[in-house]
2 protein chains.
Amino acid sequence: MGRGKIEIKRIENSTNRQVTFSKRRNGIIKKAREISVLCDAQVSVVIFSSSGKMSEYCSPSTTLPKLLEKYQQNSGKKLWDAKHENLSAEIDRIKKENDNMQIELRHMKGEDLNSLHPKELIPIEEALQNGLTVVRDKQMDYLRMMKKNVCSIHRGDCWRRRTSN
Amino acid sequence: MGRGKIEIKRIENSTNRQVTFSKRRNGIIKKAREISVLCDAQVSVVIFSSSGKMSEYCSPSTTLPKLLEKYQQNSGKKLWDAKHENLSAEIDRIKKENDNMQIELRHMKGEDLNSLHPKELIPIEEALQNGLTVVRDKQMDYLRMMKKNVCSIHRGDCWRRRTSN
DNA sequence: CGGTCTATGTATAAGTT
DNA sequence: TAACTTATACATAGACC
């Protein structure tokens with residue numbers, strides 16, 4: 001419908017594609033508005049351009065949620081229950097991760113050890129020993145640092161450095 | 001677009017209305033298909049006739065749930081109810097719990113300690129020391145138990161108990 | 001990006017079967 | 001009813017701004 005006939009296949013020239021998109025999108029939304037008035041129909045149109053820009057139309061006698069509710073009843077297809085299931089699945093996944101971590105943490109604190117085999121105690125003991133070593137090293141570092149600072153203050157290093165020069 | 005011009009207002013003759021509905025619905029869906037091919041767009045059309053009959057189109061590169069998800073992100077409008085928000089909130093809550101545990105666990109393993117104040121190292125050291133004590137006690141118990149069992153076997157305790165009586 | 005113009009292709013209102 | 005026909009209104013490709 002225009003100066004030349006076009007094939008219905010992806011328009012390669014991106015400028016043309018964008019222009020055609022705008023025109024046709026307006027056309028579709030106009031048609032949607034018309035059919036809803038002429039024929040007393042409930043219509044919803046949602047369009048995303050390839051660049052992600054969204055356009056929508058929904059006939060005035062309804063709302064998108066209402067229409068989608070009707071859609072589900074009519075088609076039997078689930079639109080957001082599927083979403084529910086996804087969320088529920090993610091909750092399960094995270095909870096499991098949570099439980100595992102909690103168990104590990106309890107073991108590190110010496111709790112719930114009775115269910116473990118003697119062999120399983122070994123890596124825990126090692127982890128604890130390692131953690132303790134690292135923490136104590138860190139504490140030693142702090143102590144050394146503080147001692148050094150105290151000595152500096154006693155010797156007046158800071159003061160002298162700041163004022164001299 | 002036909003033999004006569006028509007005003008865009010409800011068609012009172014119900015036969016005409018039904019005929020016009022069918023024709024225009026087909027037209028809209030054809031246009032939707034065309035724009036999705038020509039312009040690489042994602043399109044969803046849902047139409048209910050006044051008699052309740054449903055028609056739909058969704059471009060092949062997507063699904064209605066996916067499109068609606070995008071719609072929500074894009075428009076900020078919520079299409080589904082509180083149930084989702086509850087689930088989302090729970091996910092957030094559990095994830096936070098998860099993060100906290102992960103941090104605690106890392107600290108117990110001697111990781112990420114640099115961000116802590118010296119004071120914060122103390123409870124960690126205590127927890128590690130305590131855990132280590134408990135784990136080692138448990139290991140001692142096992143050792144003692146095994147030793148006892150070995151002695152019993154040597155003395156034939158088990159055998160006698162099982163066969164006698 | 002928008003909007004305007006115009007030749008031409010399409011959709012469709014109304015008529016016919 | 002639905003399917004087919006056809007005259008006409010409308011949509012739009014391409015060009016320009």
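Reminder, nothing fancy here: chain letters follow the sequence lines and each chain counts from 1.
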> Want to settle it: does B:K5 or B:L38 sit nearer the 5' end of DNA chain D, counting the closest nucleotide to each?
Replying inline: B:K5
> Is any side-chain N of the basic residue among B:K109 and B:E104 closer than 4.0 Å to the acidic one's carboxylate O?
Replying inline: no
>> Within the 3.5 Å criterion, strictly below it, is a donor on B:Q129 or B:E125 matched to an acceptor on the partner's side chain?
In response: no
> Rounded to the Å, how far apart are B:F21 CZ and C:dA11 C1'?
Replying inline: 16 Å
> Does a salt bridge link B:E56 with A:K77, judged by any charged N lying under 4.0 Å from a carboxylate O?
Replying inline: yes
> Does OP1 or OP2 of C:dT12 have a side-chain N or O of A:K31 closer than 4.0 Å?
Replying inline: yes
> Could B:K78 and B:E85 be called an ion pair, given the rule that one side-chain N must be under 4.0 Å from one carboxylate O?
Replying inline: yes
> Does a donor on one side chain and an acceptor on the other come within less than 3.5 Å for A:N114 and B:K138?
Replying inline: yes
> Quick one: on DNA chain C, does A:G2 or A:S22 contact a more 5' nucleotide (nearest heavy atom)?
Replying inline: A:S22
> Does a donor on one side chain sit under 3.5 Å from an acceptor on the other, for A:Y71 and A:S44?
Replying inline: no
> CD of A:E34 versus P of C:dT12: gap in Å, rounded?
Replying inline: 9 Å
> Between C:dA14 atom C1' and B:I11 atom CD1, what is the distance in whole Å?
Replying inline: 12 Å
> If you measure only the distance, is there a donor-acceptor pair under 3.5 Å linking the side chains of A:K70 and A:Q42?
Replying inline: yes
>> Output the rounded distance in Å from CZ (B:R24) to P (C:dA14).
In response: 10 Å
> How is B:K23 classified with respect to the nucleic acid when contacts are heavy atoms under 4.0 Å: base, sugar-phosphate, or nothing?
Replying inline: base
> For A:R3 and A:R25, take the nucleotide of DNA chain C holding the closest heavy atom to each; which residue's nucleotide lies nearer the 5' end?
Replying inline: A:R25
>> Students should find this one: the first and last nucleotides of DNA chain D, 5' to 3', lying under 4.0 Å from a heavy atom of chain B. What are they?
In response: D:dT6 to D:dT12
> Between atom CD1 in B:I28 and atom P in C:dA11, what is the gap in whole Å?
Replying inline: 12 Å
>> Expressed as a whole number of angstroms, how long is the span from B:R33:CZ to C:dA11:P?
In response: 12 Å
